[in-house]
Structure formats: structure tokens, C-alpha cells
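Step one of this worksheet: look at the structure below.
Note on naming: letters A, B, ... go to the chains in the order of the sequence lines (proteins, then strands), and numbering restarts at 1 for each one. Computation of the quantities below employed the complete heavy-atom set of this structure, encompassing side-chain atoms and omitting hydrogens, waters and symmetry-equivalent molecules.
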Protein chains: 2
Amino acid sequence: MTETKTEDIRRTARGREGIDAFDRKILSELSCDATQSLAAIGDKVGLSAPAVHERVKRLRASGAIKATVAVLDGHKIGKPLLAFVHVDTKGWGKTGAMLALTQLPEVEELHSVTGDTCVLLKVRCASPEALEGFLARVYDIEGVQGTRSYMVLSTHMERTVQAKETEDLGEGPFIR
Amino acid sequence: MTETKTEDIRRTARGREGIDAFDRKILSELSCDATQSLAAIGDKVGLSAPAVHERVKRLRASGAIKATVAVLDGHKIGKPLLAFVHVDTKGWGKTGAMLALTQLPEVEELHSVTGDTCVLLKVRCASPEALEGFLARVYDIEGVQGTRSYMVLSTHMERTVQAKETEDLGEGPFIR
DNA sequence: CCTGAAACGCGGAGGGT
DNA sequence: ACCCTCCGCGTTTCAGG
């Protein structure tokens with residue numbers, strides 16, 4: 001039985017503004033299903049409902065929980081087409097001009113990245129025509145040299161940030 | 001004033017298993033903040049709390065709302081490093097062997113895509129060492145020919161599917 | 001951090017337009 | 001068919017220990 005006892009977790013230190021094992025389990029639960037009651041979470045992690053509530057409140061205040069949102073189905077709401085778009089720009093600092101794309105509801109992510117491209121976009125829209133229209137807008141931006149689009153054929157997994165982490169992948173940045 | 005009257009929205013037809021303007025506004029609110037009460041949403045969209053509840057229930061049952069989850073902050077929970085990894089495989093149908101990666105909490109997305117690569121991964125982890133360890137696991141998979149990693153320098157926007165859509169991008173698949 | 005009590009919001013039943 | 005008003009019950013939330 002790999003059951004985790006309350007005492008075991010309680011002993012794990014929680015540094016300044018840190019996250020202990022209780023918090024991590026709570027975050028793990030909430031990131032999967034935020035509709036369950038605090039009492040249900042309390043049962044799973046070994047705490048009372050008010051104790052869980054206190055921690056959730058602190059996790060919200062500290063920003064560890066950025067928001068709690070409804071996850072929608074792209075197909076069901078008329079956006080069956082998902083694509084990742086790499087944008088190359090000429091010169092430096094052209095990313096600022098691209099922030100306007102943020103206003104479009106089709107854009108879900110916008111990152112500056114290393115590698116053979118400058119900006120990486122995640123775009124979800126209604127049709128190939130809509131994607132074409134979107135790319136036209138991208139090319140209207142000053143300094144845009146070209147784009148490469150990766151249309152997704154099938155999504156095998158899609159979720160948000162997970163609280164758990166794999167230990168043997170490599171040590172964290174604070175250990176050496 | 002561009003206020004939307006109840007009567008205007010009520011007239012918009014809702015086809016079989018369809019989504020009308022009320023639903024879209026409700027989804028829009030819930031995808032931004034699912035903690036607000038049904039009454040608050042009702043005020044914003046011009047409906048009573050039970051009416052909103054009825055619609056939310058149907059939207060959940062139909063799958064338009066897949067889940068409601070807490071969105072965590074990667075930095076605050078010890079995963080400051082985000083990367084997109086393109087994986088090239090030799091032959092066809094090697095994607096199945098990659099589904100095992102789904103088990104790792106560092107993997108947030110796994111898509112099959114068109115373009116000059118086969119599989120696109122979104123990976124969030126603790127450190128460059130952890131990313132290296134992850135890539136080692138990818139290369140252990142049968143049929144993997146190579147990878148290209150795009151480490152994100154800064155995330156300018158990151159959100160989930162939005163209910164709204166831009167009309168003049170291009171017509172949807174049902175209009176022609 | 002846990003136990004008890006109050007306020008709030010959810011979720012259902014019934015009736016109206 | 002859809003929405004609104006009313007009400008019971010579970011949950012959140014705050015007090016005290």
C-alpha cells in the first residue's frame with residue numbers, strides 16, 4: 001500500500017512562500033477538477049475542509065493558482081481547426097508589434113522562442129479560410145518575413161500545467 | 001451604447017444541439033473566470049440564475065464544457081521552463097509509441113501535425129537538465145529520428161479555447 | 001489545524017409568458 | 001419551449017478552541 005500518511009506529509013518543510021506536499025496534492029486535484037468540494041479534496045489529502053480552504057486562499061493570493069476556468073471543446077463551439085504558426089521577423093524587437101494579435105480570440109498563445117524562428121503562435125479557428133485570413137493579418141505586420149504553419153491532425157493530449165513533476169528527469173535549478 | 005438587449009438575443013435561433021448567443025456569452029464568462037456565481041453571470045448576460053444554470057448543465061452534458069480546472073503558474077510551482085518539441089519519426093504510425101509520454105506530468109500537449117515534422121509536444125519542466133532528461137526519453141522511443149526544440153523566452157499570452165470568434169477572418173465551414 | 005455555526009449559492013419544483 | 005420566482009440543502013466561510 002502506497003498510502004501517504006498525514007504525519008509524513010506534515011513533516012515536509014514549507015519554505016518561505018513555498019509549496020509543501022499538501023499544497024501540491026491540492027493543486028493537483030484542482031488542476032484536474034475544480035468543481036469538487038473542499039471537503040472531498042480534504043478527504044483525499046487528509047485535511048479538513050476549512051484547512052484546505054485556507055491553503056487554497058493562500059495559493060490564490062500568492063498567484064500559484066492564476067485562475068479557475070471552464071475548458072471548452074474546440075469542435076463543439078465551432079473551432080475545429082488548431083494550428084501552430086511560427087513567425088520569422090527581420091531585425092530585433094518586432095515582437096511588440098505582434099501583441100496586437102492578442103486581441104483576436106483565435107490566438108490562444110503567443111511566445112518568443114529560441115530556435116530557427118522568433119515567435120510561436122497557437123491558433124484555433126473555424127476553418128482553413130479563417131486560418132488563411134489570420135495569416136493575412138500576420139503578414140500585414142511590419143517586419144514579418146515569413147510564417148510556417150503546423151496544422152494539427154489529431155490532438156492526443158491537451159491539458160494545463162501539472163503540479164506533479166518527474167524526479168529522475170534531471171535535478172532542479174537549486175540543486176547541484 | 002452597444003448594449004445587447006435580451007430580446008435581441010432571444011430571437012437568435014439555436015439549431016439542434018446548437019449554441020446560441022446566450023450560450024456563447026456564458027461560455028465566454030466561464031472560460032475567463034469559473035468562480036463567479038451563476039447570478040453574476042445572469043446579470044451580465046441578461047438571464048436569471050436558474051436559467052443560466054440550466055444552460056450550463058446542458059453545455060456540460062453536451063461536452064461543450066469539457067471540465068473546469070484551476071490554472072497554475074509554472075514559475076510558482078517550480079516549472080519555469082517551457083518548450084515546444086518537434087519530433088520526426090521514420091516510417092508511419094509511430095505516434096502510438098509516443099503516447100507513453102502522456103504519462104509524464106511535464107508533457108502538456110501532444111499533437112500529430114502537418115508540415116516538416118510529425119509530432120508536436122508542449123513540455124513544461126523544472127530546468128534545462130530536466131528537459132535534457134526528457135529528450136533522452138524521447139530518443140529512446142522506437143522510430144524517433146530527431147527532435148527540434150523551441151525554448152520559450154517569454155510568454156506574452158496563454159489561455160484556453162475562447163468562445164468568441166472573429167467574423168471577418170473567413171467564413172465558417174457551413175457557409176458558402 | 002480542527003470543530004461547530006451562520007451566510008451564501010447551488011439545484012430542483014412549480015407556474016407563467 | 002423557455003424563462004422566472006420560491007424554497008430546501010449542501011457548501012463555503014468565519015468564529016473559537
Side-chain angles (χ1 to χ4, degrees), chain A residues 3-62 64-71 76-77, chain B residues 3-71 163:
Chain A
E3 191 177 354
T4 310
K5 293 199 185 69
T6 298
E7 297 162 8
D8 296 339
I9 301 182
R10 187 172 290 166
R11 293 186 197 288
T12 62
R14 179 173 60 198
R16 191 182 183 287
E17 293 291 325
I19 308 287
D20 70 356
F22 276 127
D23 291 332
R24 190 144 295 204
K25 283 199 78 174
I26 292 171
L27 290 173
S28 185
E29 287 297 328
L30 288 178
S31 70
C32 291
D33 180 13
T35 64
Q36 56 187 322
S37 70
L38 298 178
I41 297 174
D43 285 345
K44 291 180 184 173
V45 308
L47 254 56
S48 69
V52 174
H53 178 249
E54 187 70 24
R55 283 167 177 271
V56 170
K57 220 168 48 177
R58 189 177 52 227
L59 290 167
R60 273 189 217 282
S62 74
I65 298 176
K66 290 199 291 187
T68 119
V69 304
V71 181
K76 297 277 172 58
I77 65 169
Chain B
E3 191 176 355
T4 310
K5 294 201 185 69
T6 298
E7 297 159 10
D8 297 339
I9 301 182
R10 189 173 288 165
R11 292 185 198 289
T12 61
R14 179 173 62 200
R16 192 182 180 289
E17 292 290 327
I19 308 289
D20 69 356
F22 276 127
D23 291 332
R24 190 144 293 200
K25 284 201 76 175
I26 292 170
L27 290 173
S28 185
E29 287 297 327
L30 288 178
S31 71
C32 290
D33 180 12
T35 65
Q36 57 188 323
S37 70
L38 298 178
I41 297 174
D43 285 344
K44 291 180 184 174
V45 307
L47 253 56
S48 70
V52 174
H53 178 248
E54 187 71 22
R55 285 168 177 271
V56 170
K57 214 168 53 176
R58 190 176 53 227
L59 289 167
R60 274 189 217 281
S62 74
I65 298 177
K66 291 198 291 186
T68 119
V69 304
V71 181

note = Bend of the helix from dC1(C)-dG17(D) to dT17(C)-dA1(D) from end-axis comparison, five pairs per end, nearest 10°, comes to 30°
message = Using every non-hydrogen atom in the two residues, find where A163(B) and L27(B) come nearest and quote the distance to one decimal.
response = CB-CB, 3.8 Å
task = Please report the shortest heavy-atom distance between A34(B) and A70(A), naming the atom on each side.
result = CB-N, 3.9 Å
Residues L59(A), I19(A); criterion side chain to side chain contact (heavy atoms under 4.5 Å, CB included); working and verdict = CA-CA 9 Å; L59(A) 290 167; I19(A) 308 287; 3.7 Å; yes
note = Closest of dC2(C), dC4(D), dC2(D) to the A51(A) side chain is dC2(C)
message = Counting only side-chain heavy atoms from C-beta out, which of dC1(C), dC2(D), dC4(D) sits nearest to L47(B)?
response = dC4(D)
Nearest-Å distance for atom pair [atom1]/[atom2], residues [X] and [N]:
X      : N      : atom1 : atom2 : result
E54(B) : dC4(D) : CD    : C1'   : 12 Å
D43(A) : dC1(C) : CG    : P     : 16 Å
F22(B) : dC4(D) : CZ    : C1'   : 13 Å

query = So I26(B) and I41(B), side chain to side chain contact (heavy atoms under 4.5 Å, CB included) or not? Walk me through it.
reply = CA-CA 7 Å; I26(B) 292 170; I41(B) 297 174; 4.2 Å; yes
task = First locate atom CD1 of I65(B), then atom CD1 of I77(A), and finally report the distance between them rounded to the nearest 0.5 Å.
result = 10.0 Å
key: Intermediate values then yes/no, side chain to side chain contact (heavy atoms under 4.5 Å, CB included), T68(B) and R60(B)   = CA-CA 10 Å; T68(B) 119; R60(B) 274 189 217 281; 3.1 Å; yes
key: Under 4.0 Å protein heavy-atom contact, by nucleotide of nucleotides 4-14 of chain C - B base, S sugar-phosphate only   = B-----SSB--
request  = May I have the step-by-step check of side chain to side chain contact (heavy atoms under 4.5 Å, CB included) for R55(B) and V45(B), ending in yes or no?
outcome  = CA-CA 12 Å; R55(B) 285 168 177 271; V45(B) 307; over 6 Å; no
query = Is the distance from OP1 or OP2 of dC2(D) to the nearest side-chain N or O of R55(B) less than 4.0 Å?
reply = no
request  = Would you mind listing every salt bridge (Lys or Arg N to Asp or Glu O under 4.0 Å) that reaches into residues 38-51 of chain A, with sequence neighbours excluded?
outcome  = E29(A)-K44(A)
